[in-house]
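All remarks here apply to the structure that follows.
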Amino acid sequence: MSHAPSAVPVLTIDGPSGSGKGTISALVAERLGWRLLDSGALYRAVGYAAGMAGLDLSDVEAMTRCAHGTKIQFRPAMDAGETRVVVNGHDATDELRTETAGAAASAIASMPSVREALVALQLGFRKAPGLVADGRDMGTVIFPDAAYKVFLTASAAERAKRRYKQLKEKGLSVTLGGLQREIEARDSRDASRAVAPLKPAEDALLVDTTGMGIDEVVAKVLAVVQP
Ligand code: C5P
């Protein structure tokens, strides 16, 4: 049976980097049996494709063309629960995780025409039985009609610590102080930009995850959908 997209339930999970969005969204999607949209990966993929093509990240026209022309595929990985991101036929999962890729994504994400180029792709993820959408503007711009909205936060120090642990586990060389400065710079750019700034939707449940364990946050978010 096919459903009109507007009839498909959506849970939006927005918040700054390191707030736990990625981990929590994946676990909640798995528990609900819903699809997952990692919208940050789209911006990272476009930034990565632009870098590979040797384009100037500040050239709005080139970035817009790149956003329209980049082929992005999400593929389930051999390790259960992991998703690989394939950009123009190349598995770029590891490159996309770096803070350099995050900064490139944040730079191009401030361009309205780049954001516009990725709208249809994001709306296409809304398929039965439901969608968990992870990002910055999921509840405010892309799925304003979502029935369930959550905004995750955590103190800057805790967010930096989490990202540090995550990147270390992936074998990347980072320092905690450097990471905290990079994250703060990226968040302040994301929150202050003119289009789709990072901010909670008016109808979102705010959850401060500082000091909370993953299971506790998952339970709190699941309770929004299944009270
Ligand atoms: O969530 P993630 O850290 O992968 O996002 C990378 C960057 O992409 C963010 O810092 C933000 O600038 C941009 N982004 C966005 N809107 C989204 C998701 C990500 O602007 N919905």
Side-chain angles (χ1 to χ4, degrees), residues 10-26 29 36-51 57-58 60 63-64 66-67 70 72 74 83-85 87 92-126 131-144 146 149-154 156 159-160 162-164 166-167 170 172 174 179-201 204 209:
V10 178
L11 163 65
T12 61
I13 304 184
D14 290 305
S17 43
S19 57
K21 278 178 311 130
T23 308
I24 302 302
S25 299
L36 175 68
L37 165 61
D38 173 3
S39 61
L42 304 181
Y43 291 94
R44 286 172 185 258
V46 173
Y48 168 80
L57 288 179
S58 64
V60 176
M63 290 310 106
T64 308
C66 188
T70 303
I72 308 163
F74 293 94
T83 301
R84 308 296 299 179
V85 191
V87 183
T93 317
D94 297 333
E95 292 96 322
L96 294 189
R97 282 198 187 106
T98 63
E99 196 45 43
T100 311
S106 169
I108 62 162
S110 66
M111 300 170 178
S113 52
V114 166
R115 305 197 70 82
E116 194 55 45
L118 297 174
V119 170
L121 180 60
Q122 296 177 79
L123 295 178
F125 277 77
R126 190 173 195 170
L131 174 68
V132 176
D134 158 357
R136 302 288 187 292
D137 63 340
M138 298 295 98
T140 50
V141 177
I142 305 294
F143 302 108
K149 298 183 185 180
V150 173
F151 192 90
L152 297 184
T153 56
R159 291 190 287 112
R162 284 180 191 162
R163 288 284 293 154
Y164 178 76
Q166 232 175 23
L167 294 176
K170 309 280 181 207
L172 293 163
V174 280
L179 200 58
Q180 181 155 352
R181 276 190 297 280
E182 282 171 353
I183 284 177
E184 279 170 1
R186 181 146 69 93
D187 288 344
S188 102
R189 176 162 49 192
D190 289 348
S192 63
R193 70 185 173 211
V195 281
L198 169 68
K199 66 160 191 225
T209 67

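Read the numbers this way: they start at 1 and go in the same order the structure lists the ligands and their atoms. When a residue number appears, it is its place in the shown sequence, counting from 1.
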Which atoms of ligand 1 have any heavy atom of [X] under 4.0 Å away?
| X | value |
| --- | --- |
| Asp190 | 9 (C), 10 (O), 11 (C), 12 (O) |
| Met138 | 21 (N) |
| Ser106 | 10 (O), 12 (O) |
| Lys21 | 1 (O) |

**Report entry** Shortest heavy-atom approach to atom 5 (O) of ligand 1 - which of Arg136, Glu99, Arg193
**Finding:** Arg136

Query raised in the report: Of the choices Arg189, Arg115, Arg44, which has the non-hydrogen atom that lies closest to atom 3 (O) of ligand 1?
Result: Arg44

Query raised in the report: Just checking, any donor-acceptor pair under 3.5 angstrom between side chains of Arg189 and Ser106?
Result: yes

If you have a sec, work out which protein heavy atom is nearest [atom] and how many Å separate them, to one decimal?
| atom | result |
| --- | --- |
| atom 18 (C) of ligand 1 | Ser39 OG, 3.4 Å |
| atom 13 (C) of ligand 1 | Ala109 CB, 3.8 Å |
| atom 19 (C) of ligand 1 | Gly40 CA, 3.5 Å |

**Report entry** Heavy-atom donor-acceptor pair, Asp14 side chain to Asp137 backbone, under 3.5 Å
**Finding:** yes

Requested in this report: In sequence, state the C-alpha distance, the side-chain angles, and the governing distance for Leu179 and Glu182, and then conclude on side chain to side chain contact (heavy atoms under 4.5 Å, CB included).
Outcome: CA-CA 5 Å; Leu179 200 58; Glu182 282 171 353; 4.0 Å; yes

Report task. Kindly indicate whether the side chain of Thr64, heavy atoms from C-beta on, has any atom under 4.5 Å from the side chain of Met111. Result -> no

Query raised in the report: How about Arg193 and Pro112: do any of their side-chain heavy atoms sit closer than 4.5 Å?
Result: no

Query raised in the report: Rounded to the nearest 0.5 Å, what separation is found between the OG atom of Ser25 and the CG atom of Asp38?
Result: 8.0 Å

Query - Passing candidate, side chain to side chain contact (heavy atoms under 4.5 Å, CB included) with Met138, options Ile13, Leu131, Val132, Thr12 - result: Thr12

Report summary line: Quick look: Arg186 vs ligand 1, heavy-atom contacts under 4.0 Å, and the answer is side chain

Query - Polar atom proximity, Asp137 to ligand 1 (N or O, under 3.5 Å) - result: yes

Report task. Check whether any N or O atom of Ser17, backbone or side chain, sits under 3.5 Å from an N or O atom of ligand 1, and answer yes or no. Result -> no

Query raised in the report: What do the steps show when you test Glu99 against Arg163 for salt bridge (Lys or Arg N to Asp or Glu O under 4.0 Å), and what is the final call?
Result: CA-CA 9 Å; Glu99 196 45 43; Arg163 288 284 293 154; 3.4 Å; yes

Query raised in the report: Among the heavy atoms of Gln122, does any lie under 4.0 Å from an atom of ligand 1?
Result: no

Requested in this report: Could you tell me which non-hydrogen atom of Lys21 sits nearest to which non-hydrogen atom of Pro16, and how far apart they are?
Outcome: CE-O, 3.7 Å

